[in-house]
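Quick note: residue numbers are just sequence positions, from 1.
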Amino acid sequence: MSENLKTIRELADEFNVSKQAVRKRLTDEFRENYVETVYSNGVKTLVVTVTGYMLLKQHFLGGNNTGKIASNVDGNGGKVNDTSDSKQTTDGESIFTILEQQLTVKDKQLENKDLQITQMQSLLDQQQRLALQDKKLLEEYKVEIKYLKSLNTPTKDNEENDSIQKQTSSTKKQQAKCRVGETDNKERIIPKSWWRFWKTK
């Protein structure tokens, strides 16, 4: 492995914690930003980048720094050793660089979210326009259907004329039947029906 990338086992050994404690700190967000997958000898291995290493170092050793600084205080004069002071400034600078990197990552994420929001707004506008077009088409079709129905359905005047014509035609048919079935003495009028054809008087 390269010096910049450290495995979970290496981190656990360095921080004097268990591998499980290190894995517990590797949340999904942390893995997205600071963990990479490397193939070594045909096996996938998770490795932590330098910035992730600094964050984990800050977490695991950050709580113990106050005890170390207190132990570095000289009992006689109350002075702090110069080595611990210089170590704090390098740690502070590394924390500052980590925070800057995190800010740039967050800025990129915000830009992506803004882009997604604008795309969703344009899609929503497009959907609304299509819905309005569909509504207009439906109204046009309804008007056209009403027009076609009005052409096919007869009006009341036409219905009355049709019923009068039907009545007159039915009376004419009955009169014609009566003439065919008349007898010579004109006493009885028997209409001819299909079941009476074979009957004779």
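- When hydrophobic clusters are built by joining Ile, Leu, Val, Met, Phe, Trp and Tyr residues whose side-chain heavy atoms come closer than 4.5 Å, directly or via intermediates, L61 is grouped together with L26.
- Residue E10 comes nearest to L5 through the heavy atom pair OE1-O, 4.1 Å, listed as atom of the first residue, atom of the second, then distance.
- Atom NZ of K57 is separated from atom CD1 of I95 by 9.5 Å, given to the nearest 0.5 angstrom.
- When the shell of 6.0 Å around CG of D114 is examined, it contains more than 12 heavy atoms from other residues, nucleotides or ligands.
- Note that the CG atom of N33 and the OG1 atom of T49 stand 8.5 Å from one another [nearest 0.5 Å].
- Connection of F30 to V105 is not established within any shared hydrophobic cluster, with ILVMFWY side chains joined at heavy-atom distances below 4.5 Å, either directly or through further cluster members.
- Atom CD of Q127 sits in a sparse spot, with 12 or fewer heavy atoms from other residues, nucleotides or ligands closer than 6.0 Å.
- Of all the heavy atoms in Y53 and V48, the pair that sits closest is N-CG1, 3.5 Å.
- With values rounded to the nearest 0.5 angstrom, L46 atom CG is found 5.0 Å from I8 atom CD1.
- The side-chain heavy atoms of T37 and T45, taken from C-beta on, include no pair separated by under 4.5 Å.
- Counted within 6.0 Å of CD on Q128, heavy atoms from surrounding residues, nucleotides or ligands total more than 12; the atom is thus considered enclosed.
- Proximity of Q102 to L55: side-chain heavy atoms (C-beta onward) are separated by under 4.5 Å at one or more points.
- Once rounded to the nearest 0.5 Å, the distance linking NZ of K146 with CG of L148 reads 13.0 Å.
- At a threshold of 4.5 Å between non-hydrogen side-chain atoms, the residues L11 and F60 do not count as touching.
- From S18, atom OG reaches atom CG of D13 across 11.0 Å, with rounding to the nearest 0.5 Å.
- A distance of 12.0 Å separates CZ in R25 from OH in Y34, rounded to the nearest 0.5 Å.
- Residues meeting the side-chain contact (heavy atoms from CB on, under 4.5 Å) test with K106, sequence neighbours left out: E29, Q109.
- Closest heavy-atom contact between T27 and K24: CG2-O, 4.4 Å.
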